[in-house]
Number of protein chains: 2
Amino acid sequence: MGGARKGSPVTNEPSTSRARAIRPTWVGVDPSQDEAPRPPLTRPRVVRTALRLVDEHGLPALTMRALATDLQVSPMALYNHVRDKEELVDLMVDLVLGEVELSTTAGDSVSQLRAMVHSYHQVLTAHPGLARVYGSQVRIGPNGLRIMERGFGLLLDAGFSPREAADAFFALYTYTVGFHLIGSVDPDYSALPPEQTPSMLAVTPYLSGVHQRGRFEYGLDTLLTGLRTGHPAP
Amino acid sequence: MGGARKGSPVTNEPSTSRARAIRPTWVGVDPSQDEAPRPPLTRPRVVRTALRLVDEHGLPALTMRALATDLQVSPMALYNHVRDKEELVDLMVDLVLGEVELSTTAGDSVSQLRAMVHSYHQVLTAHPGLARVYGSQVRIGPNGLRIMERGFGLLLDAGFSPREAADAFFALYTYTVGFHLIGSVDPDYSALPPEQTPSMLAVTPYLSGVHQRGRFEYGLDTLLTGLRTGHPAP
DNA sequence: ACCTGAACACCGTTCAAGT
DNA sequence: ACCTGAACACCGTTCAAGT
């Protein structure tokens with residue numbers, strides 16, 4: 001309940017266009033005064049703290065008020081660093097997308113594509129609560145653009161036409177994000193008498209965890225096989 | 001703004017276990033009295049009205065208060081017919097899933113599977129706002145179970161093992177629901193200089209509408225081709 | 001059995017005011 | 001430039017009371 005105060009000083013961006021050249025006067029102040037002086041409120045710190053909240057307590061726990069409390073600041077202080085909650089979410093997404101591995105060079109184009117998509121999957125797995133934001137509109141920032149650029153590049157390299165590349169990329173994107181977006185589908189088995197669902201009963205043992213091991217990879221490889229094969233008119 | 005009062009009397013379930021055998025005393029009352037007598041508040045009416053609200057104004061417009069206003073009733077009256085908002089949403093989903101076509105018999109198992117998934121897709125297209133609820137936990141009711149049963153049945157018929165059937169079904173499900181769940185991804189083209197995104201520029205003309213014509217079918221047929229082909233270890 | 005009004009514990013955000 | 005407190009217009013839901 002009491003706000004955790006980790007204060008990870010890592011990953012702080014030192015020289016963006018927003019970081020001004022002013023040195024606040026309190027820099028030389030003795031910090032042993034009373035309590036550890038909380039670091040100044042900055043845009044990256046707001047975003048990183050928001051991400052930590054979501055990682056620890058899920059997306060619904062991210063409210064401007066809770067975030068402000070965690071940062072020991074008034075709710076309105078946040079609005080000096082972020083236009084609104086929507087922008088905050090976009091920034092969180094782009095921060096996380098920066099973790100996606102883009103520089104794999106092993107294998108052919110499709111193999112490299114697989115590596116990137118799988119990395120994307122792992123990143124979303126590492127931040128379970130975050131994927132739900134894709135349900136609302138998301139504005140794709142620089143890191144998202146880099147992913148798209150590489151995806152399209154690899155598909156064009158593989159011989160896809162621009163039109164097919166767009167379709168193929170979107171299929172992979174939909175599947176990957178959808179995998180994490182879909183909460184748990186829990187069937188209400190009492191809704192139908194068992195004798196009406198024989199096939200489901202046969203499959204039931206493999207229904208348990210929606211995010212069962214290897215399940216994402218099965219669909220991913222199915223898609224890639226389909227892309228390699230190409231499909232005749234059905 | 002003034003609440004629309006369509007009052008479609010169709011599709012009213014006449015004999016569920018909840019419909020009791022009591023005939024209210026006011027049944028014989030002359031309706032030409034003052035205004036059209038609003039029909040009694042029932043569970044199906046609550047659910048259908050909620051669905052209409054979502055269809056017309058999107059999921060965010062569905063609040064218990066707005067729904068109550070539309071039904072010309074106090075917010076708390078709804079709770080006599082529905083446990084909470086979560087149950088209301090589950091009921092809406094199942095109502096809509098009843099529209100999915102399950103009785104196609106043309107072609108082989110995989111073709112029939114395609115027909116069902118495509119029908120699922122069309123149903124979600126007809127209720128654009130609704131898909132977003134899959135972002136939260138959804139409890140699968142009778143109509144959802146029937147879809148699962150048929151899907152598993154067709155996959156088992158096609159020779160899939162129970163384990164593969166579960167994986168394959170889930171891949172199709174993820175892709176289909178994900179397609180509708182993902183809002184609009186709108187790239188912030190100003191986030192990166194154009195010379196860093198040459199492939200994206202080449203593909204741009206096909207990026208416009210996320211739900212471009214034929215896009216869903218492309219991914220669906222890619223998946224089905226992959227399923228027919230089977231995939232070697234990549 | 002069904003409905004109501006008032007109240008509780010929340011939201012995101014605007015506004016006016018402080019330094 | 002950055003932060004604050006109070007207020008506004010909302011939420012879903014509980015509770016006590018009405019018929």
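A note on names: the letters A, B, ... follow the listed sequences, proteins ahead of strands, and every chain is numbered from 1.
Between the CG atom of A:L78 and the C1' atom of D:dT4 there is a distance of 12 Å, rounded to whole Å. Regarding B:R43, its CZ atom lies at a distance of 15 Å from the C1' atom of C:dC2, rounded to whole Å.
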What one-letter contact string describes nucleotides 8-19 of chain C from 5' to 3', where B marks a base within less than 4.0 Å of any protein heavy atom, S marks contact via sugar-phosphate atoms alone, and - marks no contact?
---BBBBB----
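Using modelled atom types, no side-chain atom of B:Q196 and backbone atom of B:L192 make a donor-acceptor pair closer than 3.5 Å.
Under the side-chain hydrogen bond (donor to acceptor under 3.5 Å, both in side chains) criterion, A:T49 pairs with no residue at all, not counting sequence neighbours. With sequence neighbours left out, A:Y173 forms a side-chain hydrogen bond (donor to acceptor under 3.5 Å, both in side chains) with no residue at all. Residues satisfying the side-chain hydrogen bond (donor to acceptor under 3.5 Å, both in side chains) test with B:N143, not counting sequence neighbours, are B:D94, B:R146. In terms of the side chain to side chain contact (heavy atoms under 4.5 Å, CB included) criterion, residue partners of B:P75 (sequence neighbours excluded) are, by chain and number, B:R65, B:A68. Looking at residues two or more places apart in sequence or on another chain, you find no side-chain hydrogen bond (donor to acceptor under 3.5 Å, both in side chains) involving A:D84. Every ring pair (Phe, Tyr, Trp, His ring centres under 6.0 Å) that A:F216 has, sequence neighbours left out, goes to A:H121, A:Y175, A:F179. Shown here are the side chain to side chain contact (heavy atoms under 4.5 Å, CB included) partners of B:R139, two or more places apart in sequence or in another chain: A:D186, A:D188, B:D90.
A:H81 has a side-chain polar atom (N or O) that falls below the 4.0 Å cut-off from OP1 or OP2 of D:dC3.
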Intra- and inter-strand pairs of DNA chain D in dot-bracket (Watson-Crick or G-U wobble, both distances under 3.5 Å; | for another strand)
||.|||||...|||||.||
